[in-house]
There are 4 protein chains.
Amino acid sequence: MTDKKERILTATEKLLATHGFHGLSMQMVAKEAQVATGTIYRYFDDKDDLLFQLHEYILGYIANKISQNISDSMSLKQRYRTMWLNLWQMSVSGNAPLINQGQFQNLPRKNAHERKALNKHLFSCVNQMFDEGKACNLFKPLDNEILSTLSLETSCYLARRKINGGLEITDSELNAAINASWDAIIQH
Amino acid sequence: MTDKKERILTATEKLLATHGFHGLSMQMVAKEAQVATGTIYRYFDDKDDLLFQLHEYILGYIANKISQNISDSMSLKQRYRTMWLNLWQMSVSGNAPLINQGQFQNLPRKNAHERKALNKHLFSCVNQMFDEGKACNLFKPLDNEILSTLSLETSCYLARRKINGGLEITDSELNAAINASWDAIIQH
Amino acid sequence: MTDKKERILTATEKLLATHGFHGLSMQMVAKEAQVATGTIYRYFDDKDDLLFQLHEYILGYIANKISQNISDSMSLKQRYRTMWLNLWQMSVSGNAPLINQGQFQNLPRKNAHERKALNKHLFSCVNQMFDEGKACNLFKPLDNEILSTLSLETSCYLARRKINGGLEITDSELNAAINASWDAIIQH
Amino acid sequence: MTDKKERILTATEKLLATHGFHGLSMQMVAKEAQVATGTIYRYFDDKDDLLFQLHEYILGYIANKISQNISDSMSLKQRYRTMWLNLWQMSVSGNAPLINQGQFQNLPRKNAHERKALNKHLFSCVNQMFDEGKACNLFKPLDNEILSTLSLETSCYLARRKINGGLEITDSELNAAINASWDAIIQH
DNA sequence: CATGAATGAGTTTTCATTCAT
DNA sequence: GATGAATGAAAACTCATTCAT
C-alpha cells in the first residue's frame with residue numbers, strides 16, 4: 001500500500017475516533033494526513049469509499065493483532081486468554097481507536113454474506129478455537145458468532161468502558177473477568 | 001415536557017434510526033416533527049444540544065423499559081432473564097434504535113462522575129439484582145459494571161449483530177445465550 | 001410617552017451602542033426592555049419605524065441637553081463654552097451613547113428638507129448664537145451648519161476619541177480645545 | 001494580495017456604501033465580486049473578519065490618498081490645504097465610502113495601543129506637518145490627535161453632511177471652511 | 001502524480017413578524 | 001393591551017468534489 005494511502009487511512013481513523021462521523025471532513029483528513037485534498041481522490045472514489053476501505057483496513061489490523069502469540073500447541077484456555085488480552089491491549093492502548101468507540105459498525109460495509117466469508121477468513125484462528133472447543137464438548141454447542149459475542153468480545157466492551165472514563169479495573173479483576181467470560185461458553 | 005419538544009425528540013430519534021447521523025438535517029427533523037425549523041431552536045441551543053438531550057431522553061426510556069415486569073418477589077434468575085429479554089426486545093424491535101449503535105460516543109458528555117451517579121439512579125433495579133446476587137454468594141464478587149458488561153449487555157450486542165444483518169438466531173439459541181451469559185456471572 | 005415605549009427606545013439605544021446595527025434583533029430589544037417581543041409592535045410599525053422614532057427621540061434629548069444652563073444674558077463666548085461642555089459631558093458620560101459612536105447618522109431619517117426644519121426648531125438656541133455672532137461681525141459669515149461642524153461638534157468628535165480609548169485629555173487641554181474651536185469661527 | 005481577496009474587499013466596500021450594513025449579505029458580496037460564496041471563506045474567517053480586514057484595507061487607502069501631491073518643500077499651509085482637499089475629495093466622491101459613516105465602531109478592534117502605532121505609521125505625513133507647525137510656534141501646543149480632530153477632520157465631517165443631503169456648499173464657502181479650520185490650530 | 005484554490009449546493013442558524021391566548 | 005411561542009424566509013457558513021496548474 002502506498003505511503004500516502006496508508007497515511008490517509010490512519011488519519012481518517014484518528015479523526016473518526018476523536019471527532020466522530022459528525023464532524024469528519026475531507027479537508028480535515030487531508031490536513032491530518034498531510035496531503036492535498038485532491039490526493040485523497042486518487043486513492044479513493046469518494047468519501048464513502050474511503051470509509052469502506054477503512055473498514056477493511058481496520059478489520060485486517062484487528063485480525064492480525066488478535067492472533068499474535070497464538071499457536072496450535074497451546075491449550076484452548078491459553079489461546080482464549082491470549083486472544084482476549086490481545087484484544088484488550090489493542091483496545092486500551094488506543095491503537096485501533098474505532099473498536100472501543102463502537103463506531104466501527106457504522107462504517108459502510110459489504111452485505112452480510114460477503115462479510116461472513118471475510119470474517120471466516122480473517123478470524124480463522126478464532127473460529128478454529130471455537131470449533132475445537134465444541135468438538136471436544138468443552139464449549140456449548142452454539143454458533144461461533146454467538147460464542148464470540150458472549151465471551152471474547154466482552155474484552156472490547158470492558159475496554160470501552162475503561163477508556164470512556166467510567167471504569168477502573170485492577171489486574172486481578174481483569175483476570176476474573178477473563179475467567180467469567182470463559183465460564184459463559186464452557187459447559188458446566 | 002412540552003408537546004413540541006417531545007415531538008422534536010421523537011422525530012430526531014426516528015430519523016437517526018432510519019438515516020443515521022450522516023443524513024440527519026434540522027430541516028428533516030422539523031418536517032418530521034411538523035414544526036418550523038426555527039421552533040427547534042426554541043428548545044435546543046443547536047444541533048449538538050439536540051443530540052445531547054436526545055441521549056438523556058433515550059437513557060430514561062431504556063431505564064424504564066428494562067425494569068418492566070420486574071418485581072422483588074421474583075427469583076434472581078427470573079429477574080435476570082426478564083431484564084435480558086426486555087433489553088433484547090427493545091433493541092431488536094428498533095424502539096430504542098440508538099442504544100445499539102454507539103452513535104453517542106462523540107456527543108459532549110457529562111463527566112464520568114455525573115454519569116455514574118445518573119446510571120446508578122436510572123438502573124437501580126439492575127444494581128439491586130447484582131447486589132443481592134453477590135450478597136448471597138450466587139454471583140462473582142465483581143463490580144456491577146463489570147458484571148453487567150459480561151452478562152446483561154450481551155443482549156444488546158447480540159441484538160446489534162442480528163439487526164446489522166449477520167446473525168440469525170432461533171428461540172432455543174436465544175435461551176441458550178441467556179443461560180450462557182448467566183453462567184458468566186454466577187459462581188461455579 | 002408610555003413607560004413601555006420609553007423603555008423600548010432606551011433599550012434600543014443601549015444595544016445599538018454596545019452591539020451596533022449589525023447585531024440588533026427585536027428579541028434582544030424586547031429582552032433588554034423587559035417587554036414581550038409582540039409589545040414592540042404595539043408602539044412601532046416595524047424595525048425601521050423603531051429606528052426612525054429613536055432618531056427623533058435622541059435628537060430631542062440632545063437638544064434639551066445642549067441648551068441647559070443657557071440664557072440670553074450670557075455672552076456669546078459663555079454660551080458657546082457652556083454648550084460645548086454640555087455636549088462633551090453628555091458624550092463622555094455615555095448618556096447618549098449613539099452620538100459618540102458616529103452611528104447616529106445611520107439611523108433612518110426623514111428627507112433633507114424636513115430634517116433642516118426640525119433642526120432649526122430643536123437647536124434654536126444654537127442657531128440663535130450663531131446668528132447673533134454673525135450679526136455683530138464676531139463670527140465668520142458662513143452657514144450655521146458649517147460653523148457648527150467646525151466648532152461645536154468637535155466636542156463630540158473629541159469625546160468619541162476619548163471613549164474609543166485612544167485619547168487622554170487633561171482639563172487644561174480641554175480648555176485649550178474649546179478655545180481653539182472658537183478660534184475657527186471668529187473673525188481674526 | 002490575491003486578486004480574489006482584493007475583489008472581495010472592493011465588492012464589500014461598494015455594497016456597504018450603497019446598501020449599508022443592514023443590507024449586506026455574503027451572497028451579495030460573492031455575486032458582486034464574481035466569486036462563489038465559499039471562496040470568501042477561504043480568505044476571511046467569517047463576516048466579522050471580512051469587515052475587520054476591510055477596515056484596515058480602507059485605512060491604508062485613506063493614508064495613501066491623504067498624502068497625494070504632498071512634498072516637504074511645500075509650506076505648512078499649502079500642505080494642510082492639500083491634505084484637507086484630498087480628504088474632502090475622497091469623502092465626497094464616495095471612493096472611501098466608509099470613512100464618513102462611523103460604521104466601523106463596533107467591529108472587533110485592535111487595542112488602543114496598537115491602533116495608535118498603526119495610525120502613527122500610516123499618517124506620518126500628517127503628524128510631520130503638525131510637529132513642524134508646533135516646532136516653529138505656528139500651531140498651538142496640543143496633542144496631534146486633538147489638532148487633527150479640530151482641523152483636518154472637519155473635512156470629513158463637512159463631507160458627511162453634504163453627502164447625507166443636508167448641506168450645499170460652494171467653492172468659496174469650501175475655501176472659507178478650510179481657512180476657518182486652519183484658524184482653529186494656529187496661534188493668534 | 002500531486003496540489004490546493006475554487007465551486008455552489010446544501011446545511012445550520014437567525015430573526016422580523018404574526019397571532020392565539 | 002400584553003404576551004411569547006411559533007413561523008419560515010433569508011441569512012451565514014460548510015464541505016464533497018473538481019480541475020487548472
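All figures in this text were calculated on a predicted structure; none of them were measured in a lab. Because only heavy atoms are used, hydrogens play no part in the values below, and waters and symmetry mates are left out as well, while side chains stay in. Below, chain A is the first sequence line, B the second, and so on; all start at residue 1.
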(message) Using heavy-atom distances to pick each residue's nearest nucleotide on DNA chain E, tell me which of Tyr43(D) and Ser25(B) is more 5'.
(response) Tyr43(D)
(message) Working note: His19(B) + Met28(B), criterion side-chain contact (heavy atoms from CB on, under 4.5 Å); need CA distance, chi angles, decisive distance, verdict.
(response) CA-CA 10 Å; His19(B) 294 72; Met28(B) 280 173 64; 4.0 Å; yes
(message) Take N1-N3 plus N6-O4 or O6-N4 for Watson-Crick, N1-O2 plus O6-N3 for G-U, both under 3.5 Å. Which runs of 3 or more such pairs involve DNA chain E?
(response) E:2-21 with F:2-21
(message) Nearest heavy atom decides the nucleotide; on that basis, is Thr37(B) or Gln34(C) closer to the 5' end of DNA chain F?
(response) Gln34(C)
(request) Check the distance between dA11(F)'s P and Lys31(D)'s NZ and give it to me in whole angstrom. (result) 12 Å
(request) Indicate whether the side chain of Glu13(A) and that of Tyr57(A) have a donor and an acceptor atom separated by less than 3.5 Å. (result) no
(request) Find the distance between OG1 (Thr2(D)) and CG (Leu9(D)) and round it off to the nearest 0.5 Å. (result) 9.5 Å
(message) Phe44(C) and side-chain contact (heavy atoms from CB on, under 4.5 Å): which single residue from Val29(C), Thr39(C), Ile8(C) fits?
(response) Ile8(C)
(request) Indicate, with a heavy-atom threshold strictly under 4.0 Å, whether Met26(C) touches base, sugar-phosphate, or nothing. (result) base
(message) Any non-hydrogen side-chain atom of Leu24(B) less than 4.5 Å from a side-chain atom of Leu51(B)?
(response) yes
(message) What contact category does Phe44(D) fall into here, base, sugar-phosphate, or nothing, at under 4.0 angstrom with non-hydrogen atoms?
(response) nothing
(request) To the nearest Å, give me how far apart CD1 (Ile8(B)) and C1' (dT13(E)) are. (result) 14 Å
(request) Find the distance Lys4(D):NZ to dG8(E):P and express it as a whole number of Å. (result) 10 Å
(request) Indicate, yes or no, whether a donor-acceptor pair under 3.5 Å links the base of dA16(F) to the side chain of Gln27(A). (result) yes
(request) Take the protein atom CG of Asp48(B) and the nucleotide atom C1' of dT11(E), then report the distance between them rounded to whole Å. (result) 14 Å
(message) Go nucleotide by nucleotide along DNA chain F from the 5' end; which of Thr2(B) and Tyr41(D) gets its closest nucleotide reached first?
(response) Thr2(B)
(request) Rounded to the nearest 0.5 Å, what's the gap from NE2 on His22(A) to NZ on Lys47(B)? Could you check? (result) 5.0 Å
(request) Determine the contact category for Thr39(A): base if any of its heavy atoms lies under 4.0 Å from a base atom, sugar-phosphate if only primed atoms, P, OP1 or OP2 are that close, otherwise nothing. (result) base
(message) How many whole angstroms separate atom CG of Leu50(A) from atom P of dC15(F)?
(response) 15 Å
(request) Kindly give the heavy-atom pair with the smallest separation between Gln27(D) and Thr37(D), and that separation in Å. (result) OE1-CG2, 3.4 Å
(request) Could you tell me whether Leu24(D) contacts a base, only the sugar-phosphate backbone, or nothing, with contacts defined as non-hydrogen atoms closer than 4.0 Å? (result) sugar-phosphate
(request) Write down the distance between CD1 (Ile40(A)) and P (dT17(F)), rounded to a whole number of angstrom. (result) 10 Å
(request) Send over the distance from Met28(A) CE to dG4(E) P, rounded to a whole Å. (result) 18 Å
(request) Measure the distance from CG on Leu51(B) to P on dT13(E) and round it to the nearest whole Å. (result) 11 Å
